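None of the values given here were measured: they were computed from a predicted structure. FYI, the numbering just counts along the sequence from 1.
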Amino acid sequence: MSQEPQPLSTAVDVSIPSVARMYDHYLGGKDNYSVDREACEELDKVAPSTKALAVNNRRFLQRAVRWLAQEQGIRQFIDHGSGLPTQDNVHQVAQAVDPESRVVYVDNDPIVLAHGRALLEEDHRTAVIQADMRDTDGIFARPEVERLIDFDQPVAALFVSVLHCIKDEDDPKALITRVAEKLCPGSFLVVCQLVSEDQATRDFVTEFMRVSTQGQWGRVRRASDLEAYLEGLEILEPGLVEVSTWKPDGSMGPKQATMEWIEYGGVARKN
């Protein structure tokens with residue numbers, strides 16, 4: 001990692017748009033502020049498909065967790081860059097399959113910590129921690145992680161719509177590699193990120209989000225970048241795809257009216 005994780009603020013700054021709160025707005029949540037909604041309005045002028053993309057991304061997360069719990073027997077999940085709680089969160093989907101499923105949520109946004117802890121106050125099988133998701137060693141050493149996660153058993157590590165928040169110099173591929181190396185064989189990684197094959201879209205959104213969030217953004221990349229991140233892992237069927245097409249379950253999400261960018265990803269296994 002080219003940059004050591006910095007101390008995280010516990011104060012909620014409502015003068016700067018937050019990626020987590022913008023995502024909450026797109027999902028119809030209420031835990032966002034006017035600065036977040038205004039940023040979404042500006043983003044929609046160039047990327048009008050973003051709301052549909054966000055909804056479909058959330059549905060992909062839910063399908064992937066349900067499939068891992070039902071079909072692969074996974075009972076442990078670490079959700080990197082989890083965002084604000086909404087409906088059918090990871091722990092709710094996993095615990096609907098097995099109430100003993102254990103989940104750790106990781107996010108650097110203090111509002112996620114506050115809302116998550118309030119939601120999970122009485123759930124001893126789930127924890128939320130405020131951490132820099134690049135700090136793999138620090139996360140895995142946290143007492144909440146040590147209490148809930150048995151690394152001698154398979155784990156699902158989730159990186160759902162977060163890698164575009166990581167700068168090139170902080171090496172998202174190395175992050176995926178570090179996490180995979182800490183997991184036992186039979187573990188899974190669920191990974192997707194925003195991609196575009198249109199240079200103008202990549203450049204505009206990258207610069208817009210970098211400026212709006214005061215640097216809390218990496219880059220909109222191409223599909224081939226994500227493929228490289230998962231080198232050495234077995235990418236499971238149906239492969240890396242636009243996420244609304246990953247093992248669809250019959251509940252139709254919104255159709256993207258335009259395809260200037262997509263959420264692209266899938267599930268990989270460590271053998």
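Each of W246 and Y229 belongs to its own hydrophobic cluster when Ile, Leu, Val, Met, Phe, Trp and Tyr are linked at side-chain heavy-atom distances under 4.5 angstrom. Both V162 and L230 are assigned to one and the same hydrophobic cluster, defined by single-linkage of ILVMFWY side chains at heavy-atom distances under 4.5 Å. Cluster annotation: F77 and L61 are assigned to the same hydrophobic cluster (Ile/Leu/Val/Met/Phe/Trp/Tyr, side-chain heavy-atom contacts under 4.5 Å, transitive). Both I235 and Y264 belong to a common hydrophobic cluster when Ile, Leu, Val, Met, Phe, Trp and Tyr are linked at side-chain heavy-atom distances under 4.5 angstrom. Both V241 and W67 are members of a single hydrophobic cluster when ILVMFWY side chains are connected at heavy-atom separations under 4.5 Å.
Nearest heavy atom pair, residue E197 against residue R202, reads C-NH1, 3.3 Å. Nearest heavy-atom pair across V93 and D88 is CG2-O, 3.7 Å. Taking both residues in full, the closest heavy atoms of P172 and I166 are given as CD-CG2, 4.0 Å, listed atom of the first, atom of the second, then distance. Across all non-hydrogen atoms, the minimal contact from A64 to V190 is CB-CG1, 4.0 Å. C165 approaches V19 most closely through the heavy-atom pair SG-CG1, 4.1 Å. What you find for V145 and F140 is that their closest heavy atoms are CG1-O, 3.9 Å.
Side-chain contact between V195 and D225 is absent, with no heavy atoms from C-beta onward closer than 4.5 Å. In this structure, Q72 and R269 have side chains that are in contact, with non-hydrogen atoms separated by less than 4.5 Å. Using a 4.5 Å heavy-atom cutoff, the side chains of Q216 and N108 are in contact. A 4.5 Å side-chain heavy-atom check between L27 and V55 finds at least one atom pair inside the cut-off. For the pair F60/E263, no side-chain contact is recorded, criterion being any heavy-atom separation below 4.5 Å from C-beta on. Looking only at side-chain heavy atoms (C-beta outward), E227 and L240 come within less than 4.5 Å of each other. Side chains of I129 and I139 form a contact here, defined as non-hydrogen atoms less than 4.5 Å apart. Annotation: side chain of C192 is in contact with side chain of N57 (closest heavy-atom distance under 4.5 Å).
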Exercise for the section: For side chain to side chain contact (heavy atoms under 4.5 Å, CB included), just list the numbers for V97 and V65, CA-CA rounded to whole Å, side-chain angles, deciding distance to a tenth of an Å, and then say yes or no. Expected result: CA-CA 10 Å; V97 176; V65 170; over 6 Å; no

Handout entry: Check against side chain to side chain contact (heavy atoms under 4.5 Å, CB included), C184 and D152
Key = CA-CA 6 Å; C184 73; D152 291 329; over 6 Å; no

Handout entry: Stepwise side chain to side chain donor-acceptor pair (under 3.5 Å) check, Y105 with N89
Key = CA-CA 10 Å; Y105 295 107; N89 299 288; 5.1 Å; no

Practice task
Apply the test side chain to side chain contact (heavy atoms under 4.5 Å, CB included) to residues Q95 and D123: give CA-CA distance (whole Å), side-chain angles for both, the deciding distance (0.1 Å), then the verdict.
Solution key: CA-CA 11 Å; Q95 290 172 2; D123 186 344; 3.3 Å; yes

Handout entry: Intermediate values then yes/no, side chain to side chain donor-acceptor pair (under 3.5 Å), D79 and S82
Key = CA-CA 5 Å; D79 188 1; S82 56; 4.8 Å; no

Handout entry: Derivation of the side chain to side chain donor-acceptor pair (under 3.5 Å) call for R59 and Q62
Key = CA-CA 5 Å; R59 293 188 177 195; Q62 293 159 353; 5.7 Å; no

Exercise for the section: Take C40 and R37 through the test side chain to side chain contact (heavy atoms under 4.5 Å, CB included) and record every step on the way to the result. Expected result: CA-CA 5 Å; C40 289; R37 297 187 288 273; 5.5 Å; no

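Under a 4.0 Å N-O distance rule, the pair D171/R134 does not qualify as a salt bridge. Using a 4.0 Å cut-off between charged side-chain N and carboxylate O, D168 and R219 make a salt bridge. With salt bridges taken as basic N to acidic carboxylate O contacts below 4.0 Å, none links R178 and E181. A salt bridge is defined here as a Lys NZ or Arg NE, NH1 or NH2 lying under 4.0 Å from an Asp or Glu carboxylate O, and K167 with E169 fails to meet this definition.
In terms of modelled atom types and a separation under 3.5 Å, the side chain of S101 and the main chain of A94 share a donor-acceptor contact. Put simply, the side chain of Q76 gets close to the backbone of P154: a donor and an acceptor are under 3.5 Å apart. In terms of modelled atom types and a separation under 3.5 Å, the side chain of S187 and the main chain of K270 share no donor-acceptor contact. No donor-acceptor pair closer than 3.5 Å links the side chain of H91 to the backbone N or O of T126. Side chain of R21 to main chain of Y33: no donor-acceptor pair is present (N/O by atom type, distance under 3.5 Å, no hydrogens or angles). In terms of modelled atom types and a separation under 3.5 Å, the side chain of R63 and the main chain of V243 share a donor-acceptor contact. The backbone N or O of L53 sits nowhere less than 3.5 Å from a side-chain atom of Y26 that would complete a donor-acceptor pair. Side-chain atoms of R147 come within 3.5 Å of backbone N or O of H124 as a donor-acceptor pair. Q256 contributes a side-chain N or O that, together with a main-chain N or O of W261, makes up a donor-acceptor pair within less than 3.5 Å. With D107 contributing its side chain and L113 its backbone, the two residues share no donor-acceptor pair below 3.5 Å.
To the nearest 0.5 Å, atoms CZ (R221) and OG1 (T206) are separated by 8.0 Å. Atoms CZ and CG, from R75 and D150 in turn, are 14.5 Å apart once rounded to the nearest 0.5 Å. Rounding to the nearest 0.5 angstrom, the gap separating the CD1 atom in I262 from the OG1 atom in T245 is 8.5 Å. Rounding to the nearest 0.5 angstrom, the gap separating the CG atom in D31 from the CG atom in D109 is 10.5 Å. The CG atom of L84 sits 5.5 Å away from the CD1 atom of I111 when rounded to the nearest 0.5 Å. Here F204 contributes atom CZ and E207 contributes atom CD; the two are 9.5 Å apart, rounded to the nearest 0.5 Å.
By the 6.0 Å contact criterion, CD on E234 is enclosed, its count of non-hydrogen atoms from other residues, nucleotides or ligands being greater than 12.
Checked against I176 for a side-chain contact (heavy atoms from CB on, under 4.5 Å), the options T136, L226, L163 give a single hit: L163.
In this pair, F159 and H80 present their aromatic rings parallel. The plane angle is below 30°, not in the 30 to 60° band.
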